[in-house]
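Only heavy atoms go into these numbers, but all of them, side chains included; no hydrogens, no water, no symmetry mates. Starting from 1, each residue takes its place in the sequence as its number.
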Amino acid sequence: MENPLDRIEDTFEVNLPVPQDNSLEGYLEATLMDLHKYSEDLRETEYYVSPGGKPWMEITDDPNVQESILHFFNEGGEYLLSVEGNVTKGKWRLLDGSNKLIIERGQHLSELYELAFLNRYFFVLRKHGSHRKKGKYLFLGYEPVAQGLRWRDAVDMMYDTYRSNQKAFTYAVMVVVVLAVIVVVFSYC
């Protein structure tokens, strides 16, 4: 027999938004609007930089990308890109007073990104500009968490940040309503 409280909880379930196109970028566009307010700031480097190097795994929906790609944002502005263990050195730096980051990969390639979302498990950067083609986002997951996840599962896991905050708010409202009903009932007794 189904518990009636389970049905009430299902009523408040927050589902992953369904994008117009079934792609990683479509899902990121659909979810980042909700997640943005729960994001850390790029100035809070402890979320993506660590003394020993925090491995950020690149997550993509491109079936042609089969390699393991890791990004490291090390102290002192050192940037490392590892593709199947082959490492390229570069630099990263923040632009003062903004949530923008420049990644320099070699002598001739520098890219400007804006922060889309950051927490201790996921790091999403949006390439600056008005991109109409694929490649607008750099979607990274902390390697111990993201390893083995398909891109849709990673987006769903990242969206749990929003879900947990919405559930906490919903439960708080429910408690207040129950308490108000109890006060009203006892005031008439």
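- With hydrophobic clusters built from ILVMFWY side chains whose heavy atoms lie under 4.5 angstrom apart, Y27 shares a cluster with Y38.
- Looking at E58, its side chain never comes within 3.5 Å of a backbone N or O of L70 through a donor-acceptor pair.
- In this structure, the side chains of H71 and Y79 come closer than 4.5 Å at one or more pairs of heavy atoms.
- Rounding to the nearest 0.5 angstrom, the gap separating the CG atom in L80 from the CZ atom in F73 is 10.0 Å.
- Between the side chains of T60 and D62, no donor N or O sits under 3.5 Å from an acceptor N or O.
- Looking only at side-chain heavy atoms (C-beta outward), V155 and L28 come within less than 4.5 Å of each other.
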Item to complete: Verify side-chain contact (heavy atoms from CB on, under 4.5 Å) between V124 and M158, making sure each step is shown before the conclusion.
Response: CA-CA 10 Å; V124 184; M158 182 176 68; 3.8 Å; yes
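- A distance-only check finds a donor-acceptor pair linking the side chain of D61 to the backbone of L24 [under 3.5 Å].
- Side-chain atoms of D34 and Y159 include a donor-acceptor pair closer than 3.5 Å.
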Worksheet item: How far apart are the C-alpha atoms of Y142 and W56, what are their side-chain angles, what is the distance that settles it, and do they pass the side-chain contact (heavy atoms from CB on, under 4.5 Å) test?
Response: CA-CA 5 Å; Y142 180 45; W56 290 100; 4.0 Å; yes
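- Note on I59: it clusters hydrophobically with Y137, by side-chain heavy-atom contacts below 4.5 Å among ILVMFWY residues.
- When hydrophobic clusters are built by joining Ile, Leu, Val, Met, Phe, Trp and Tyr residues whose side-chain heavy atoms come closer than 4.5 Å, directly or via intermediates, L81 is grouped together with V65.
- If you take CG on L35 and CZ on F122, they are separated by 10.0 Å, rounding to the nearest 0.5 Å.
- Residue E40 holds its CD atom at 11.5 Å from CZ of F123, rounded to the nearest 0.5 Å.
- Rounded to the nearest 0.5 angstrom, M57 CE and E143 CD are separated by 4.5 Å.
- Cluster annotation: I102 and L138 are assigned to distinct hydrophobic clusters (Ile/Leu/Val/Met/Phe/Trp/Tyr, side-chain heavy-atom contacts under 4.5 Å, transitive).
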Solution key, residues 48-55 side-chain donor-acceptor pairs under 3.5 Å, sequence neighbours excluded:
from, atom 1, to, atom 2, distance (Å)
Y48, OH, L42, O, 2.8
S50, OG, G53, N, 3.3
S50, OG, K54, N, 3.1
K54, NZ, Y47, O, 3.0
K54, NZ, R120, O, 3.1

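- Under the 4.5 Å side-chain heavy-atom criterion for grouping Ile, Leu, Val, Met, Phe, Trp and Tyr, F139 is connected to V83 within one hydrophobic cluster.
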With a cut-off of 3.5 Å and sequence neighbours excluded, list every side-chain donor-acceptor pair involving residues 87-95.
from, atom 1, to, atom 2, distance (Å)
W92, NE1, N74, O, 2.9
W92, NE1, E78, O, 3.3

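- In this structure, G26 and D21 approach most closely via the heavy-atom pair CA-OD1, 3.2 Å.
- Open room surrounds CG on D96; 12 or fewer heavy atoms of other groups in view lie less than 6.0 Å from it.
- Shown here are the side-chain contact (heavy atoms from CB on, under 4.5 Å) partners of E111, two or more places apart in sequence or in another chain: R105, L109, Y113, K127.
- Scanning both residues, A116 and R126, for their nearest heavy atoms gives CB-NH2, 3.9 Å.
- Note that the CE atom of M157 and the OH atom of Y121 stand 9.5 Å from one another [nearest 0.5 Å].
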